[in-house]
Amino acid sequence: MKKIYIEELNNYIGQEIELSGWVTHKRSSGKIRFIVMRDGSGICQLVLIKNQLPEETFNKFDELTQESSFKVFGLVKKEERAPGGFEIEVRNLEIIHIAKDYPITPKEHGVEFLMDHRHLWLRSSRQHAILRVRHEIINAIRTFFNNKGFILVDAPILTPAACEGTTTLFETEYFDLGKAYLTQSGQLYAEAAAMAFGKVYTFGPTFRAEKSKTRRHLTEFWMVEPEVAFADLNDDMDLAEEFVEYIVQTVIKNRRKELEYLERDISKLEKVQRPFPRIHYEEAIEILRKNGINFEWGNDFGGTDETVISEQFDKPVMVHHYPAQVKAFYMKRDPNDERYALAVDMLAPEGYGEIIGGSQREDDYETLLKRIEEHNLPKEAFEWYLDLRRYGSVPHAGFGLGIERTVAWICGLEHVRETIPFPRMIYRNTP
RNA sequence: UCCGCGUUAGCUCAAUGGUAGAGCAUCCGGCUGUUAACCGGAGGGUUGCAGGUUCGAGUCCUGCACGCGGAGCCA
């Protein structure tokens, strides 16, 4: 008998096959019994009929418990009544391992309990749907950049003491060289790579030791950061909107089933088509004031502010020209008005907050040096970064997109903790 | 760090200051088309920890721990 996966059942109707998997669920009516199994690719109902089976095989049902593993041999039938649409009429059943007292039952559970059992929670249908969408998003990201001729350049995860404010960095001992820190962003390295390859992206985990405890924050999260030589802020925004449109439309196309399982309103995602609205920081403030928020010029937007702004639009909105004082040292200032940085944030609709932060970078040696001094950063640590402005400096721009916030938005989730297999948060680093 | 809420059976939750309970899970029995099946039965408790008030505390008070939601923070 041929070994197959549940997702392939459609090709084997009327044939006898072999499946391997785990028990998700059992139901019994005495002389007819049902097992719902999963094999990682999907779920499928098995039926055992007493007068069609040897007693020994029929009674194996009694031994099986939730999450016990087994092999099954049987006939594939199309069956409307079965979850998944197919049913296996069991001919034989081989138990591999009996699970005892599996903790996650089909009834509801609390957040803490589920997070404590995250390693088992991953087996549930909802987590399958979310992590398949995550996979699709990551795949779309790679496809998008690869098709556009970007080179993937991995940035280091262990970095020297370079960035300002080490309070938000995770610190570790590094042999005889003193302290090392877990990276907060691969951007500076991406800039170096862009001067080598023109169009590059980094993609990896980043770490923030911030004491943030909200639905939008993790201490370890994944970020993709493209960087393009000879690009300005407008080029950066063009790239960002094409990128986000591609991700969303690819997920709708390839993972509709998962989005439907998550009861996501897909019509809202279908509207995510270029062009996205682009508003100046001043326009964003106007929106806030019209909505009764007393916002002071020069501040960055808080979570509530972002929600109010994004709710004015049914697509992601790009807010550009932030006050330079709230943005990073490496961002280029608007030559027409030095109060502003050539920066852009993309806010996802429906209150999902900032998913992209980007900017045109300062490409002038003297100006960048001045910024480093203004921010009280150690110049020695930035010598290599300043080299990029010494040897053939060019205008360049890039952005970073947070994977988990993007997954949460596209899936319509309450909290980013479900968007990554093993979330790391301020009060949790297990399992 | 701050504000608010919470912690009772393996899980989700009840319980006027007066005998700690239900559903699910587990175990036993019944049922030939179930869909978080259903029906009957059984076992299962240091009420987060430490004090205090009271004849009597799951319930009221104090402290601590942990969790949840939010704020701040998030170059």
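Note on naming: letters A, B, ... go to the chains in the order of the sequence lines (proteins, then strands), and numbering restarts at 1 for each one. Note that the structure is predicted; figures quoted are calculated from it, not measured.
Look at CZ on A/R33: it is 10 Å from P on B/rC31, rounded to the nearest Å. A/L169 places its CG atom 18 Å from the P atom of B/rC73, with the value rounded to the nearest Å. Between the P atom of B/rC24 and the CD atom of A/E108 lies a distance of 12 Å, rounded to the nearest Å.
Using a 4.5 Å heavy-atom cutoff, the side chains of A/Q66 and A/P106 are in contact.
In this structure, A/E258 does not pair ionically with A/R134, as no charged nitrogen and carboxylate oxygen lie closer than 4.0 Å. Using a 4.0 Å cut-off between charged side-chain N and carboxylate O, A/K77 and A/E89 make a salt bridge.
Aromatic ring centroids of A/F207 and A/F221 lie 6.0 Å or more apart.
Of the two residues near RNA chain B, A/K26 and A/F113, the one whose nearest nucleotide lies more 5' is A/F113. Map A/A82 and A/S28 each onto its nearest nucleotide of RNA chain B; the residue landing nearer the 5' end is A/A82.
Geometrically, A/K26 engages A/F61 in a cation-pi contact defined by less than 6.0 Å to the ring centre and at most 45° from the axis.
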5'-to-3' dot-bracket of RNA chain B (Watson-Crick, G-U; under 3.5 angstrom; crossing pairs as [ ]; | other strand): (((((((..((((....[..)))).(((((.......))))).....(((((..]....))))))))))))....
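Taking only side-chain atoms of A/S212, from C-beta outward, the nucleotide of B/rC73, B/rA75, B/rG33 with the closest atom is B/rC73.
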